[in-house]
Each structure stands twice: as C-alpha cells, then as structure tokens.
Visitor: 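One structure, pasted below without further comment.
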Amino acid sequence: QIPSEPASCHQNNRYSNCSIPFLAAFGMVPQGLLLTFALAAGVWSGSEQRTLGQASDLAFSRGLSSLGSIYNVTLHSPLGDTNCDPTRSEPCSALVVLAGLLSERSEDTSCPYDGLKPSQCNFMCGVMTNIMYHAKLLNEQGIPGHQVDLVVMHDESIPDDALTFIRSQGARTLKLDDSVKRLACRGFIESEQTLGKKLSADVCEMSPFSGKMFGNHEVVFVQIFKLAALTLLEYDSVTHVDVDQFIEEPTHLAEELSYFHSNPKLSLLANGGKKAPINAGHWVAKPGLELVRVWIEDLHAGYSESQGYQNAGLITPKMHERIEGGWSDANRHGSSSWKFVGANRDQGLMFHMFVVKCADVGSCDGVDTSYTFNSVEHFGGSKKPWRVGVCQDKNIDKDSKVRLNSIFDKIIGPPTGEAFVDSYCTPVLKQNRAECAKYAE
C-alpha cells in the first residue's frame, strides 16, 4: 500500500515537514540520513550538495517505483541539472511543457528528422520554438521571487537528437514511458468506453501508438501525460503550458506563483469554462505521490461517459461547489454529465483527481478557477506561429493575425547550430513573419 503524503509537505519546502515520516514509511533509507534530508530545502544542486541530492532523488524515485511496480508501469526521473539553489529562500518550481508526436512514421524525406511526416515536422518546430523561447526567458530574465526550471516532458516519439539539444538549452527532460499508455489502453477496454470498444488486448500490449492503429483517438494517449507533471516531487509547484502557449511577462507568472504559494490550501490553480470544469492548458499545481497514485489508478480503471473515472458516478452539485469560481451549468451536456470536452483525457482526469477525489489528495477547498491568468499568450487551433502560411489562411481573422505578427520577433532567434531548427524551423517562422507583417498594428 502506498502511504499518503501529509498536506504539510508542501509548506515552504517538502523536506522540512514530511521527509522523515513519509520516506520512512517506505523503509527507504536510514533515519539518520533522513534527518540530514530534513535540514535541507528545495532541490539540491552544486558539487558540495551532490551526495544529498542524489540520495534524495533516490528516495523519492523509489516512492514512484513502488507505485509503478503495482501497475507494471515505469515512472522516470528527469534528466539534466536543476537551476534551483537550496541556499536561497525562494520556492523552486518547474515550468512544464509536454511534447509528443502523432501518427506513424513516414517514408517522406522532406523533414530533416528521418521518418517524420510534414505535419509532425511542423509540430516539432513548435516544440523547439516553445522550448527555446522559455529557456531564454528563464536564463536571461528569470521569474522574480521564484526559482524555476524548464522541464520538457516527452513520450518515446521525440528524436534523441532533439532531446540532446533541448537539454543543451538549459532545460531538463522527463521521459514518459509507453507502459503508461498501455495501462490506459487496457483501462479503456475494461471500462467499455467508446474508444475501448475499438481496441483489443493485443493492440494495447504490442501495437505502436500511431494514427494507423488508433485513428483520431491517438491524441488521448498523449494528453493523459499532462498529469505526469505531478511526478516531479522535488519541486514546490509545477506550472504547465501547452506547446502553443508562451509566457510573455515574467512578472505575471511571478504573480501567479506567489498567489499559489501564499495560499497553502490550494492544490490546483486553473481556468474553468462552459465546455469543461477545468482547462488543462495552463495551470499550477502541487506535485505529490498521492496525486500520482490517483492518476495511475484512474488510467488503470478507465473512463465511461456515464460514470467518469473509477465509476465515480454522476457529477453532483456538491462537486461543483468544490471549485472556487464554479463551473457554468450552461454546458451543452448538463451539469451531471461526464461528456464535457476532454473528459476521457487530461481535463476529465484533472476534475476527478482534484475535485472528486479531493479528500484523498489534499483539501476539498483546494481548486481555484476564479484567478485571472495574465501570463500566457495562447495561439490555439490553426493559429500556430510555426504553421506554414498561417497568415495566408483566409479563415483566420485579422485580429489573430495581428497577434501573430507581434510574437515573431520574440520567438525567432540567431542561429542555434542545431540543423533542424536552423534549416527547417527558422525559415518557416521568418516566412510567416513576412506574411503576417501586413497585419501590423
């Protein structure tokens, strides 16, 4: 049985309040060493702290490994050095981006990464553009009053060369194992969800996760990984942004993080809306082993449109009341339905984990969707800056093209020395900038 992590673990730094009882529950390391852990704060870095850092990482990774072994999944630790300094008083947070490619490999040779279809190549440009932008933002400006690492979560579809380059930019990388996708696939079959009826045990166990095998449902098995950010137990908080979202003002993100950390009851800060109770694009949360446990259990049990995850049942008014800021009852399916947008993936998982199971993972007063986010510029749908000919699209309104024009100077940088970025991505961005310049304010 996986022990629960006390709520006090997340006050100021997790080690000062919960290391000894929480880690001792696993019987991982001697009490004397645990006492040493309790004297440190945040994430260890630097040669003088290396032994402590490695020991701490080992202890927490064993907690994840114990959980993973129950469900036969692998939960990895991040690669790359942290920028957080344990001698400083500011909290340490992770700015997290998820990268995963859709569809099967191709014989098309137009992409510098062998085997990627043009659409995949285009998305990889988005991934690289987002990462380089945020890496530069954190390296040159930072987030006032906070220590922040950039962590790129990725599934097994991202090329190794790209990951090496990403780490060279100062980001950390977190591999998301296909075993978690296969767990979710089996869960869909068990729950007889619409997707599950189209699958088989053989497909779940052996087939590559591609459009050929999973059709339009393939994206489900990427978006469930957003919640893997909660496995980053060494951080005081994690902030997720989608690939098409950019933190434009460091001070605005600082305000969000300060608001989150100054409210100890908060477990999740996010947006809500008419289409879903919680928006999974941009959010701030406290990582924790108990949250990871519920996430894995949800994937294992599967989802149904009538009962949600783990046969949770209809969404009741009491569940609505647990979200500060509320969820509009004007959604087209009615307030009790689990048919809201993203219910069988990221947004349904977040609602079940943080709202329905709130008593298991922390405070039932811990979800706030009333906060106004000002930090993120979002280019949703077909309005991606890296989409070839985006400003030639007559279906995109003028205001959106004006917004696009304003972002190019911020995301186009000097040559990087990385062939894919320099030979493929940057020319696309520059051509789009020239076309969108016609819509300058």
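These numbers come from the heavy atoms of this one structure, side chains and all, not from hydrogens, waters or symmetry mates.
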Visitor: Regarding Glu256 and His282, is there a side-chain donor-to-acceptor distance under 3.5 Å anywhere?
Guide: yes

Visitor: Can you tell if the side chain of Phe379 reaches within under 4.5 Å of the side chain of Ile407, non-hydrogen atoms only?
Guide: yes

Visitor: Set out, in order, the CA-CA distance, both residues' side-chain angles and the distance that settles salt bridge (charged side-chain N to carboxylate O under 4.0 Å, His left out) for Glu297 and Arg293, then state yes or no.
Guide: CA-CA 6 Å; Glu297 287 179 351; Arg293 179 185 65 79; 2.7 Å; yes

Visitor: Under 6.0 Å from the NZ atom of Lys265, do we count more than 12 heavy atoms belonging to anything else shown?
Guide: no

Visitor: What donor-acceptor contacts under 3.5 angstrom involve side-chain atoms of residues 131-144, with partners at least two apart or in another chain?
Guide:
| from | atom 1 | to | atom 2 | distance (Å) |
| --- | --- | --- | --- | --- |
| Tyr133 | OH | Ile247 | O | 2.8 |
| His134 | ND1 | Asn130 | O | 3.1 |
| His134 | ND1 | Asn130 | OD1 | 2.8 |
| His134 | NE2 | Ile247 | N | 3.0 |
| Asn139 | ND2 | Ala135 | O | 3.0 |
| Asn139 | ND2 | Gln169 | O | 3.3 |

Visitor: I'd like to know whether Gln310 forms a side-chain hydrogen bond (donor to acceptor under 3.5 Å, both in side chains) with Asp298, so could you lay out the CA-CA distance, the side-chain angles of the two residues, the decisive distance to 0.1 Å, and finally the verdict.
Guide: CA-CA 6 Å; Gln310 296 193 47; Asp298 281 357; 2.6 Å; yes

Visitor: State, with a plain yes or no, whether a side-chain heavy atom of Phe188 is found less than 4.5 Å away from one of Val220.
Guide: yes

Visitor: Once you measure the plane-to-plane angle for Tyr371 and Phe373, does it fall in the parallel (<30°), tilted (30-60°) or perpendicular (>60°) bin?
Guide: perpendicular

Visitor: Please check if atom CG in Asn72 has more than 12 non-hydrogen atoms from other residues, nucleotides or ligands closer than 6.0 Å.
Guide: no

Visitor: Does His300, at its NE2 atom, have more than 12 non-hydrogen atoms belonging to other residues, nucleotides or ligands within less than 6.0 Å?
Guide: no

Visitor: If we only count heavy atoms from C-beta on, is the Leu269 to Trp283 side-chain gap below 4.5 Å?
Guide: no

Visitor: Establish, from distance only, whether the side-chain atoms of Asn271 and Thr369 form a donor-acceptor pair under 3.5 Å.
Guide: no

Visitor: Are the side chain of Lys384 and the backbone of Gly381 linked by a donor-acceptor contact shorter than 3.5 Å?
Guide: yes

Visitor: Assess the pair Phe351 and Trp338: is the distance between their ring centroids shorter than 6.0 Å?
Guide: yes

Visitor: Does the pair Asp393 and Arg387 meet the rule for a salt bridge (charged side-chain N to carboxylate O under 4.0 Å, His left out), with working shown?
Guide: CA-CA 10 Å; Asp393 189 339; Arg387 178 181 163 227; 2.9 Å; yes

Visitor: Knowing that exactly one of Cys84, Pro78, Ser77 qualifies, which makes a side chain to side chain contact (heavy atoms under 4.5 Å, CB included) with Glu234?
Guide: Pro78

Visitor: With distance as the sole criterion, is a donor-acceptor pair present between the side chains of Asp399 and Tyr439 under 3.5 Å?
Guide: no

Visitor: Check whether any side-chain heavy atom of Leu75 lies under 4.5 Å from a side-chain heavy atom of Asp177, and answer yes or no.
Guide: no

Visitor: Less than 4.5 Å apart, side chain to side chain, heavy atoms only: is that true for Phe420 and Cys125?
Guide: yes

Visitor: Could you go step by step and tell me if Ser400 and Asp397 meet the side-chain hydrogen bond (donor to acceptor under 3.5 Å, both in side chains) rule?
Guide: CA-CA 6 Å; Ser400 295; Asp397 60 272; 2.9 Å; yes

Visitor: Looking at side-chain heavy atoms only, is the closest gap between Cys121 and Pro112 below 4.5 Å?
Guide: yes

Visitor: Establish, yes or no, whether the cationic atom of Lys181 lies under 6.0 Å from the six-membered ring centre of Phe209 and within 45° of the ring axis.
Guide: yes

